[in-house]
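Notes follow once the structure below has been shown.
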Amino acid sequence: MHRVEQVMGFPVSLRIDDTGGGAGIDVVSEAGDAVFAWLREVDERFSPFKPGSEVSRYGRGELPASRLSADLVEILALCERYRVATGGAFDARLPGRGFDPCAIVKGWSVQRAAERLTAAGAGRFCLNAGGDVVVGGGPWRVGIRHPEIADKVCTVLELTDGAVATSARYERGDHIIDGRTGLAATGLLSVSVVASTLTEADAVATAAFAMGRDGVDWAASLAGCEVYAVDAGRSVVRTAGFPSAGVGVA
């Protein structure tokens, strides 16, 4: 099964090659429906760009802590975890922008979706959300886009069960802000992080990018994370355990 939909402002593709565990194809197809329904629900509940969302209402001070959903409580805890870990470089509460947890919500929600697939019996799958990928039942080969040449990759990695997320400037320009300075983070062109979950991979990639060049060492120090980065001087840095399967055109 292969399916693509536009959700949360980016394309989400789902590929399931087999059902593993004896699950029927109809069951897995229903799980695919549930994946996209869940992501649409997340967009409605947690988008800071929708005035009626829980996130927007919380950001305006309309919801006390006692009325927050368990999901938003979890997202808030993740935001605070990475704010503290980066000394404020990663911050979902930037002056002039209001509360914006998108950097956490994307990876968290797609990881939740992948877990639904596994629970439904999908044996081999690839869920790609705007270039951030979580896979099961590999090996899968995933290309990392060249930060300056749109039709080229700078490396290819191999994943069996896990996730990779990339933060970069090539799609949305200087959109990641260093919360310590209030200025756009420009020390890196791109940083990709491999981790066991997309919740962690996406949050760490964004946080590392916000920190600049120092963020590469910070991300590499985290247990279970492997890093591939291109800095502003176009030097490539990768951790020894980064699961490279091949190198594209640099």
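Within the structure, side-chain hydrogen bond (donor to acceptor under 3.5 Å, both in side chains) contacts touching residues 86-95 (residues at least two apart or in different chains) are Y58-R93. Counting only residues at least two apart or in different chains, salt bridge (charged side-chain N to carboxylate O under 4.0 Å, His left out) contacts with residues 186-195 are absent.
With sequence neighbours excluded, the residues forming a side-chain hydrogen bond (donor to acceptor under 3.5 Å, both in side chains) with D33 are R3, listed by chain and number. Take S190 and apply the side chain to side chain contact (heavy atoms under 4.5 Å, CB included) test, not counting sequence neighbours, and it matches P147, T166, A168, V230. Contacts of C126 classified as side chain to side chain contact (heavy atoms under 4.5 Å, CB included), with partners at least two apart in sequence or in another chain: V133, V135, W140. For V237, the side chain to side chain contact (heavy atoms under 4.5 Å, CB included) partners at least two apart in sequence or on another chain are R213, V216. Applying the salt bridge (Lys or Arg N to Asp or Glu O under 4.0 Å) test to R116 and every residue at least two apart in sequence or in another chain returns nothing. In this structure, the ring pair (Phe, Tyr, Trp, His ring centres under 6.0 Å) partners of F242, at least two apart in sequence or on a different chain, are Y228. Residues passing the salt bridge (Lys or Arg N to Asp or Glu O under 4.0 Å) test with R112, sequence neighbours excluded: D71, E74. With sequence neighbours left out, S56 forms a side-chain hydrogen bond (donor to acceptor under 3.5 Å, both in side chains) with S53. For P64, the side chain to side chain contact (heavy atoms under 4.5 Å, CB included) partners at least two apart in sequence or on another chain are S66, R67.
Inter-residue side-chain proximity for L78 and R81 is flagged as met; some heavy-atom pair is nearer than 4.5 Å. Considering only heavy atoms from C-beta on, L117 comes within 4.5 Å of I16 through its side chain. With contacts defined as side-chain heavy-atom distances shorter than 4.5 Å, the pair Q111/D202 does not qualify. V193 is not listed as a side-chain neighbour of L222, based on a closest heavy-atom distance of 4.5 Å or more. Side-chain contact between P51 and R60: present, with at least one pair of heavy atoms (C-beta onward) separated by less than 4.5 Å. The side-chain heavy atoms of T197 and W108, taken from C-beta on, include no pair separated by under 4.5 Å. Looking at L189 and R169, their side chains come closer than 4.5 Å, going by heavy atoms from C-beta outward. You'll find the side chain of T155 stays beyond 4.5 Å of the side chain of L157, heavy atoms only.
At distances below 3.5 Å, at least one donor-acceptor pair connects side-chain atoms of K106 with backbone N or O atoms of A129. Within the 3.5 Å criterion, the main-chain N or O of L72 finds no donor-acceptor partner in the side chain of E54. Of the possible donor and acceptor atoms, none in the side chain of T239 sits under 3.5 Å from a partner among the backbone N and O of E226. A donor-acceptor pair under 3.5 Å is absent between the side-chain atoms of T206 and the main chain of A203, judged by distance alone. Within the 3.5 Å criterion, the main-chain N or O of A92 finds no donor-acceptor partner in the side chain of R97. Of the possible polar contacts, none joining the S47 side chain to the E44 backbone as a donor-acceptor pair under 3.5 Å is found. A donor-acceptor distance shorter than 3.5 angstrom exists from the side chain of W38 to the backbone of S109, with no hydrogens or angles considered. A donor-acceptor pair under 3.5 Å is absent between the side-chain atoms of E158 and the main chain of P243, judged by distance alone.
Interatomic distance, NZ of K50 versus CZ of R45, reported as 13.5 Å (0.5 Å rounding). In this structure, the separation between CZ on R40 and CE on M8 is 11.0 Å, given to the nearest 0.5 Å. Rounding to the nearest 0.5 Å places CG of D132 at 7.0 Å from OG of S167.
Classification of R83 and E80 as a salt-bridged pair holds, one side-chain N sitting under 4.0 Å from a carboxylate O.
Shortest non-hydrogen contact noted between M1 and S29 is SD-CA, 4.1 Å. Nearest heavy-atom pair, L127 versus A114, reported as atom, atom and distance to 0.1 Å: CD2-N, 4.0 Å. When all heavy atoms are compared, the tightest approach of T160 to P139 is OG1-CA, 4.1 Å. Looking at every heavy atom in both residues, G130 comes nearest to F10 through N-CD1, 3.8 Å. Taking all atoms of both residues into account, the shortest heavy-atom contact from L198 to A163 is N-CB, 3.4 Å. Taking all atoms of both residues into account, the shortest heavy-atom contact from R238 to S244 is NH1-OG, 2.9 Å.
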Derivation of the side chain to side chain contact (heavy atoms under 4.5 Å, CB included) call for I176 and F90: CA-CA 9 Å; I176 298 177; F90 175 94; over 6 Å; no

Criterion side chain to side chain contact (heavy atoms under 4.5 Å, CB included) on I75 and V55, from CA distance to verdict: CA-CA 10 Å; I75 289 165; V55 158; over 6 Å; no

Audit row: I104, F46, side chain to side chain contact (heavy atoms under 4.5 Å, CB included) steps and yes/no: CA-CA 10 Å; I104 294 292; F46 302 124; over 6 Å; no

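V142 and V4 fall into different hydrophobic clusters, where Ile, Leu, Val, Met, Phe, Trp and Tyr are joined by side-chain heavy atoms under 4.5 Å apart, directly or via other members.
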Using atom types as modelled, flag every donor-acceptor pair under 3.5 Å from a side chain in residues 177-188 to any protein atom, sequence neighbours excluded.
residue	atom	partner	partner atom	Å
D178	OD1	R180	N	2.9
D178	OD1	R180	NE	3.0
D178	OD2	R180	NE	3.4
D178	OD2	R180	NH2	2.9
R180	NH2	M211	O	3.4
T181	OG1	D178	O	3.4
T181	OG1	L183	N	3.1

